[in-house]
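Heads up, the thing below is written out as structure tokens.
Residue numbers begin at 1 in each chain, while the letters A, B, ... track the order of the sequences. Heavy atoms only: backbone and side chains are in, while hydrogens, waters and symmetry mates are out.
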Amino acid sequence: METLTIQLQAPQPARGRRAMAIVGVVGSGDLEVLAERVLAAEECHLEISTAIAGFGPVWQAVARDFVERRSPGGVRFSINDGGARPDIVAIRLAQAARLIEEDQPCT
Amino acid sequence: MAEWQQNRARRDRRIEAGIKLAEGKIVAAGDATRLLEAVIQPGDRVCLEGDNQKQADLLSAALLAADPARLNTLHMVQSGVVLPAHLDLFERGIAKRLDYAYSGPQSARIAAMLFGGKIELGAVHTYLELFARYFIDLTPHVALIAAVSADRDGNLYTGPNTEDTPTVVEATAFKDGIVIAQVGEIVDHVPRVDIPGDRVHFVVDAGRPFFVEPLFTRDPALITETQILTAMLAIKGIYAPYGVRRLNHGIGFSTAAIELLLPTFGERLGLKGKIATHFALNPHPALIPAIEAGWVEQIHSFGSEVGMDGYIRARPDIYFTGSDGSLRSNRAFSQVAGLYACDMFIGSTLQIDLAGNSSTVTTSRVAGFGGAPNMGSDARGRRHPSEPWLKAGADADPVSPAPLRRGRKLVVQIGETFGEKNAPQFVERLDAIELADRLKLDLAPVMIYGDDVTHIVTEEGIANLLLCRSPAEREQAIRGVAGYTDVGLARDRKAVEGLRARGVICRPEDLGIDPLDADRSLLAARSIKDLVHWSGGLYDPPSRFRNW
Amino acid sequence: MTLADLLASLFPSGHDIHVDKGVLVGSARLPDGSDALVLGVTDHAPIGVDEAIVLAKAVMDSIDRGTGPILVLVDSGSQRMSKRDELLGLNEYLSHLAKALILADLKGRPTIGILYGHSAAGAFLATALATRVLVAIPGAEPAVMDLPSMSRVTKLPIEVLEEKAKSTAVFAPGLDNLAKTGAVYAVWGDRTSLDRQLGALLAAMPDTVDRRGALGKERGGRTLAADIAARVRHAGLSGARD
Amino acid sequence: MHVSRAESGGDPVGSRPAGAGPRSWYEASARQRLDLLLDPGSFAEFLAPPDRVVSPHLALFDLPHQFDDGIAVGRGRLGGRDVLVAAQEGRFMGGAFGEVHGAKLTGLVKAARDLASTPVLILFDTGGVRLQEANAGELAIAEIMRAVIEARAAGVPVVGLIGGRAGCYGGGGLIAACCSALVISEQGRIAVSGPEVIETNRGVEEFDSRDRALVWRTMGGKHRRLIGAAGTFVDDAVAAFRAAAIECIGENGAIDAAVLAAEQERLDTRVQRFGTMEDGLDIWAALGIPDPKSVPGMPAETFIPLADQFGVNGHDAR
């Protein structure tokens, strides 16, 4: 297992008030992303645990594009990776960002 | 005086040698090897019918059982090298030389045998090239073919999987060759005559159907969100603007996704009747929802597909059927249709290089070409116009006067930036080149040449190569949709943004597509069972695709 | 240990136990003079629907009638792996046997499993693991999963698995590992006769509370399960709404 | 401990386009099933992902863990009634039982036992015991089975819902058979030994695991409903599971010697009637179904009345 931490600056804080969101499953070729609003508003961290070592630069590139596009400031993304390809990683990150920015459901 | 009938005399001697084993034309399955030993001569060119689907499996086993002392150094000329027995013939020395087109399931072994010198290679062809050479310099002395049934006169019913048979028989029978057919049963009257009996010299009663592989069944349950996204991009970014109505689809999951998005995503875009109405295509089960929703007008097929016979029989307005009601397929004609009558080919590949050349070989596998290059190439002989063809031509050459400007076929490569086992789809150098080095081939096995490719679709966007004006632009256009592969990461970001501004590169957002909307619930069918429901219970999928 | 040796050592006062195709059913005289229902499996026999229904019937016939403990002697294979058994719903038959044993235990018929040979998977769950306490005779060799199968699934060589097994009791076969996880209440010694050890166990029989989580934690073979179950149970109880 | 509101969903739930049919249970993730099964917004998870209660054993095999170890447990409401609920995620490690995964379910059922009134729902999706922690998984299953019987002895309905990708295999099948009621869809499968296990141990002649039609008519949802192994058959739609689950939690889940005696008779009768038959088709024919071959292709709305008419009923004898 390899763990990676990527810390980036986000120009805008994530919208909404949800504390956390989770998407995806640690299945073959998939990953889970846990988003938690626990950081300072201009910070965005990705903590990655992956079974496939040696893809640091690719994770960096995916993370950079993701934060550039969605700017989810204040959110820490914790990732358990089951060997997902970068396109799936990008989709799950975007899904997690969208979900944590959704309004709280009425109960 | 010159002797002008030697071949006919030789053919008659062969028939005479075989006739002792036959009752009329009928030979018992147990005598098949003796028949082949009697009829075939060492060094003969033999077509052992191996198509990409149906297989003359009994005759290939019979040939393999022949005595190599009597039968050897044969020159096999067949489109498909698919069964293990096809290669065992070379191991045993019965066969020596090979000209073929497709070797999907045997791709690793054939590579090893080519490398080890067990096989003397003529050439790897496309289907149309091999069929063409049957009539020029690779005419079979003996054709071993497969049919569903025969009558006692040798009239053959090839059924839905007619495939290569008419072409093979035409070349063999009319040039004084011998045609031997294995059939599932002998009947009093065949349901329809696919091959007239006077072209068939012997019929071996196999007592069981020939082997057929379900090659074109894609389980919708396995289609991913990324494939759905690429399919959405293709429909909205290529099918719609060019108005593509006549086309061929490859067999990958992205094109299956396109088929399943027509009645949902396509419907919402108001494209029904405007795109995807006429196909050169096998009976893909994934196309059933689009057919049922009224999208498709007509389909001509290379072969059939396991489980589709009942559905096809009930939809003769869509498919080509015989007097018996079942599908009539014909690989040669459908390939010609794909080459000349279609405005678009869209399919997937394993590797694409910086010039857009693509290949499905790896260093240890030689899968052959099959028909993709016939479909996936610009037909330089084409003269009839159509809107998509003219528009693509104008994209490529805005300068020449319209009456003198060639059109272009749309040749689209669609796929995810990373494929199976996270292998990148985009590479600096094709593995095919290394393979060609190792095997000392004159040509690297390139499936689709870069100068034929017009568009590349990935989850990152569409690259329209018709709009590129230099090799450097072309390279950046390809890098610009290559995602996080090494090729993609090495892009010139500024150049790529420039190409995007010119519409050479189109991102999902440029087309108004949110990647997060690429959801499986968009698929008209999400399982094989859904396809069965769409078909009204007429589609009967093979057991291995079922979960009920 | 053979069944004959086991029965002789366990029940010196006599027993009436019949063995039919690996399935044993009967009764035995206990050290204190009372009778116990005895059932079980011998000779590594697999348990299929036919075996399970016979064993469950013995428990059901006795559940309201008798008063003594129920002893389950186990030297079984795995569940019977066959098309017929699955067609008939083997899971229900195995569960039915386990349910009968558990319910009998809850109704005051203490159940004791005695593992004296092999057992695995579904057969283990339906018999030995469905009792209030499970004791093992030295030499017992339970294997929830055998290493060759595990090697096939994990695609790791057996030697690698054996190496990994040294550091954790959580996956490897064998009595020691299983005892560490808390499945086995006690391993009987071979210096004292089995009837005396059985007598001692019956005299100090624990109540029906499932202690296996606590034992696993105490013995260091299953360190998390007890606490996690307790946390979830607590959350379930504390947040209760009307 | 972190007890959070449901903020879950494998992929965003809000983006379902129109005209795409009902939400499939089979396709949904464990969290999506919970979201759509329970009253909207009512799920509160115990040991939720932010608590990061993960398996410590997978790293030994260089396998990634998941923040919920493949099972989400908590409380929710179903038709206005308080329920305890567990959902297995069949795509993580095949939904298999490991130490943490199992202990979460053990604790949940024990809570139900002690509350003695709150029904339990178990959304099965499991291949059985997780090989990498086989001893812990097996033992967890034994503990869960005992807890389920204790809960039912205290009068608690324990309802199993089966229709996921991984089916309900191995020890999962044994727990399922301890439930007071089972709801199953066509995609659902219940068995102890899976097709590949039988084939590996006994050969392809005994069971051809690639013959999927055979798999389904041996252990699939329709067969299980017809022989009375599952009481309720539903279409593969979350809404259908919800309706059936609401009904089942209203039923009496108590177990006692009389219930077990009835089960003894039910199971005994099954072996007597069908024990010599080779194939599901033979059993369906023996049940009096006019055209057994048509059963696999039948849509749910046709199959349900057929099963009610010809199938083995006897809901409570379990």
field: Residue part contacting chain D, namely of C/Leu156, when any heavy atom lies under 4.5 Å
entry: side chain
query: For D/Asp279, is it the side chain, the backbone, both, or neither that has a heavy atom closer than 4.5 Å to a heavy atom of chain C?
result: both
field: Heavy-atom proximity to chain C below 4.5 Å, by part of D/Asn201
entry: side chain
- line: Cut-off 4.5 Å, heavy atoms of chain C, and the answer for D/Leu63 is neither
- prompt: Top residue by heavy-atom pair count (under 4.5 Å) with chain C, among D/Arg202, D/Arg266, D/Met219, D/Glu263?
  reply: D/Glu263
- request: Check whether D/Arg81 gets within reach of chain C through its side chain, its backbone, both or neither, counting any heavy atom under 4.5 Å.
  value: neither
query: Would you call D/Glu143 and C/Arg222 a salt bridge, taking side-chain N to carboxylate O under 4.0 Å as the test?
result: yes
- request: For atom CG of C/Asp176, decide whether the heavy atoms of other residues, nucleotides or ligands shown that lie under 6.0 angstrom number more than 12.
  value: no
field: Polar side-chain atom of C/Glu86 near backbone of D/Gly194 as donor-acceptor pair, under 3.5 Å
entry: no
query: Can we say D/Arg270 and C/Glu92 salt-bridge, meaning some charged N sits less than 4.0 Å from an Asp/Glu carboxylate O?
result: yes
statement: If you tally heavy-atom pairs under 4.5 Å between each of C/Leu101, C/Asp105, C/Val49 and chain D, the highest tally belongs to C/Asp105
message: Can you tell me which portion of D/Arg217 sits under 4.5 Å from chain C's heavy atoms? Options are side chain, backbone, both or neither.
response: backbone
- prompt: How long is the span from the OG atom in C/Ser95 to the CD1 atom in D/Ile175, to the nearest 0.5 Å?
  reply: 8.5 Å
query: Checking heavy atoms, do the side chain of D/Val53, its backbone, both or neither come under 4.5 Å from chain C?
result: side chain
query: Looking at C/Asp61, C/Ile63, C/Leu125, C/Leu129, which makes the most heavy-atom pairs under 4.5 Å with chain D?
result: C/Leu125
query: So, C/Lys164 side chain and D/Leu60 main chain: donor-acceptor pair closer than 3.5 Å or not?
result: yes
query: Out of D/Glu206, D/His223, D/Glu150, D/Lys110, which one racks up the most heavy-atom pairs below 4.5 Å with chain C?
result: D/Glu206
- prompt: How many angstroms lie between CD in D/Glu99 and OG1 in C/Thr168, if you round to the nearest 0.5 Å?
  reply: 8.5 Å
query: What heavy-atom pair brings C/Lys99 and D/Ile255 nearest, and what distance separates the two atoms?
result: CE-CD1, 3.9 Å
- prompt: What distance do D/Thr218 atom OG1 and C/Lys83 atom NZ have between them, rounded to the nearest 0.5 Å?
  reply: 5.5 Å
statement: Per-residue tally against chain D (heavy atom, under 4.5 Å) across C/Val170, C/Asn91, C/Thr208, C/Val59 peaks at C/Val170
- prompt: For D/Leu174, is it the side chain, the backbone, both, or neither that has a heavy atom closer than 4.5 Å to a heavy atom of chain C?
  reply: both
field: For chain D, the option from C/Gly216, C/Ser78, C/Ser82, C/Gly213 that forms the most heavy-atom pairs under 4.5 Å
entry: C/Ser82
- prompt: Counting only N and O atoms by type, is there a donor-acceptor contact under 3.5 Å from the side chain of C/Arg84 to the main-chain atoms of D/Gly275?
  reply: yes
message: Walk me through whether C/Arg212 and D/Leu139 qualify under side-chain contact (heavy atoms from CB on, under 4.5 Å).
response: CA-CA 8 Å; C/Arg212 291 174 287 193; D/Leu139 200 41; 3.9 Å; yes
query: Taking D/Arg146 for the side chain and C/Ile102 for the main chain, is one N or O donor matched with an acceptor at less than 3.5 Å?
result: no
query: In terms of heavy-atom proximity below 4.5 Å to chain C, should D/Ser117 be classed as side chain, backbone, both, or neither?
result: neither
- request: Measure D/Phe274 against the heavy atoms of chain C and call it side chain, backbone, both or neither at under 4.5 Å.
  value: both
message: Heavy-atom cut-off 4.5 Å, strictly under: side chain, backbone, both or neither for D/Leu214 against chain C?
response: side chain
- request: Find the one option among C/Thr181, C/Leu88, C/Leu161 whose heavy-atom pairs under 4.5 Å with chain D are most numerous.
  value: C/Leu88
task: Give, as side chain, backbone, both or neither, the part of D/Ala257 having an atom under 4.5 angstrom from any heavy atom of chain C.
output: both
